[in-house]
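Bear in mind the structure is a predicted one, so any value in this text is a computation, not a measurement.
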Amino acid sequence: MSSSSKRDNTVEPTANRPDGEGHAHGPRIGSAGGRHQKPLMIAFALTATYAIVEVIGGIVTGSLALISDAAHMGTDVLGLGLALSAIYMAKRPAADQRTYGTYRLEVLAAIINGLLLFGVAFYVLYEAVRRFLAPPEVLGVPMLIVATVGLAVNVLSFRLLTAGAKESLNVKGAYLEVLSDMLGSIGVIVGAIVIAVTGFRYIDGIVAAAIGLFILPRTWQLMRQALRIIMEIAPPGIDVDAATRDLTALAGVREVRDLHIWTVTSGMEAATAHVVITDGANWHAVLDSSRRLLAERYGVTHSTIEVEPAGHVEQHVGF
């Protein structure tokens with residue numbers, strides 16, 4: 001006999017069955033990113049508006065650091081747009097063959113954001129080397145003005161996305177882009193001041209290279225998290241062997257087989273397991289205690305537990 005959690009905030013009984021009548025299911029699950037859609041929309045509008053201004057400012061002043069910061073803001077616009085689109089599409093109900101809905105689109109958006117960040121970082125490093133070999137004339141004061149306004153926009157967007165980045169990998173991808181832009185704006189401001197005061201034009205390339213080097217390890221971390229989800233590896237911090245032992249220790253449980261725990265999208269952990277019960281055990285109680293343990297101790301919000309009698313002979317198919 002098996003049961004799985006429903007995706008809503010109510011408790012509904014199962015269909016009337018001789019051995020499962022009236023059994024209640026769990027709460028609806030939802031992606032963490034969906035709870036932060038409004039801050040993403042505001043950050044998207046702010047970034048898109050200022051990206052155009054910063055691109056023009058970078059061309060006018062001739063600053064690579066400013067152009068690299070403008071390029072980051074351009075990827076922010078695309079990245080935030082991808083994050084918003086993924087959240088919107090993930091809200092579509094499961095239908096046809098999409099039995100888990102479209103939640104994984106948020107993870108794909110995080111991967112695309114990571115690829116964009118890698119591309120920008122390597123491009124900026126390449127351009128920085130060229131600038132070291134032949135540093136061009138850079139207008140320090142206009143560069144300072146544009147970068148200061150850009151910093152204000154980045155700080156506001158950063159604050160809007162901070163909470164969501166702790167819960168959603170999709171939002172975290174957009175958050176990292178905004179963070180890199182914010183630090184990039186600070187670097188551009190420092191470079192503009194140095195150029196205006198000392199005329200040391202190499203600082204522009206140094207700042208641009210520092211921005212690129214800062215982005216790379218954080219982008220790699222984001223990509224690793226997203227790839228773990230795509231590969232359906234158990235979430236970090238969850239010990240599958242320990243979960244198996246905890247389930248086996250429950251009253252009425254004789255054995256636990258084939259426990260799988262994975263992440264559907266950020267904030268949505270899922271699990272399946274075969275739980276063999278002892279003779280005379282109450283399968284209702286075993287089912288409820290198993291699902292409660294996975295939810296409370298391991299944060300699994302969607303569990304499917306197949307309860308089997310001790311004498312059942314399982315026919316393995318597939319893996």
Side-chain angles (χ1 to χ4, degrees), residues 1-32 90 92-104 106-107 228-319:
M1 188 61 57
S2 60
S3 175
S4 63
S5 58
K6 299 289 185 182
R7 292 195 296 269
D8 57 26
N9 292 321
T10 62
V11 176
E12 299 178 358
T14 60
N16 290 333
R17 299 179 302 202
D19 55 350
E21 184 176 358
H23 181 77
H25 291 258
R28 179 187 178 107
I29 54 178
S31 74
R92 296 168 61 187
D96 301 327
Q97 301 300 313
R98 298 189 300 271
T99 56
Y100 267 112
T102 51
Y103 291 113
R104 280 285 170 87
E106 295 190 53
V107 182
R228 283 183 66 95
I229 294 177
I230 293 296
M231 295 296 294
E232 296 190 344
I233 299 173
I238 291 185
D239 187 333
V240 178
D241 290 336
T244 300
R245 290 192 297 270
D246 289 342
L247 286 170
T248 305
L250 293 173
V253 176
R254 177 176 177 177
E255 183 184 357
V256 175
R257 303 170 181 164
D258 300 325
L259 174 61
H260 301 280
I261 303 177
W262 71 98
T263 300
V264 179
T265 188
S266 298
M268 190 185 298
E269 319 296 347
T272 59
H274 290 199
V275 175
V276 181
I277 58 176
T278 58
D279 294 333
N282 185 327
W283 78 265
H284 286 275
V286 171
L287 178 59
D288 289 340
S289 60
S290 298
R291 294 181 65 249
R292 188 181 308 113
L293 184 146
L294 288 171
E296 295 178 355
R297 191 170 300 178
Y298 295 96
V300 175
T301 53
H302 184 111
S303 58
T304 302
I305 307 297
E306 182 174 349
V307 179
E308 303 174 1
H312 176 71
V313 178
E314 183 179 1
Q315 299 295 323
H316 289 279
V317 179
F319 297 107

Exercise. What's the verdict on side-chain contact (heavy atoms from CB on, under 4.5 Å) for Leu247 and Val253, showing C-alpha distance, side-chain angles and the deciding distance?
Worked result: CA-CA 7 Å; Leu247 286 170; Val253 176; 5.6 Å; no
Exercise: identify the closest heavy-atom pair between [X] and [Y]:
X: Glu269; Y: Val300; answer: O-CG1, 3.6 Å
X: Ile229; Y: Thr263; answer: CG2-O, 3.3 Å
X: Ala273; Y: Val256; answer: CB-CG1, 4.5 Å
X: Gly252; Y: Ala281; answer: O-CB, 3.7 Å
X: Val276; Y: Pro309; answer: CG1-O, 4.0 Å

For this session: Pick out which of Val286, Asp258, Leu259, Thr248 makes a side-chain contact (heavy atoms from CB on, under 4.5 Å) with Val275.
Result: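 That would be Val286.
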Problem set entry | Pairing residues for Ser289 by the side chain to side chain contact (heavy atoms under 4.5 Å, CB included) criterion, not counting sequence neighbours |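 If we apply the side chain to side chain contact (heavy atoms under 4.5 Å, CB included) test to Ser289, skipping adjacent residues, the hits are Leu250, Arg292.
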Donor-acceptor pairs under 3.5 Å, side chain of residues 234-244 to any protein atom, not counting sequence neighbours: which ones?
from	atom 1	to	atom 2	distance (Å)
Asp239	OD1	Asp241	N	3.0
Asp239	OD1	Ala242	N	3.1
Thr244	OG1	Val240	O	3.0

Problem set entry | Student check: side-chain heavy atoms of Trp283 and Ile305 closer than 4.5 Å |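 They are not in side-chain contact.
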Problem set entry | Test side-chain contact (heavy atoms from CB on, under 4.5 Å) applied to Asp246 and Arg297, step by step | CA-CA 10 Å; Asp246 289 342; Arg297 191 170 300 178; 3.2 Å; yes
Can you tell me how far apart [atom1] ([X]) and [atom2] ([Y]) are? Round to the nearest 0.5 Å.
X: Thr278; Y: Arg254; atom1: OG1; atom2: CZ; value: 8.5 Å
X: His274; Y: Thr304; atom1: NE2; atom2: OG1; value: 10.0 Å
X: His302; Y: Arg291; atom1: NE2; atom2: CZ; value: 9.0 Å

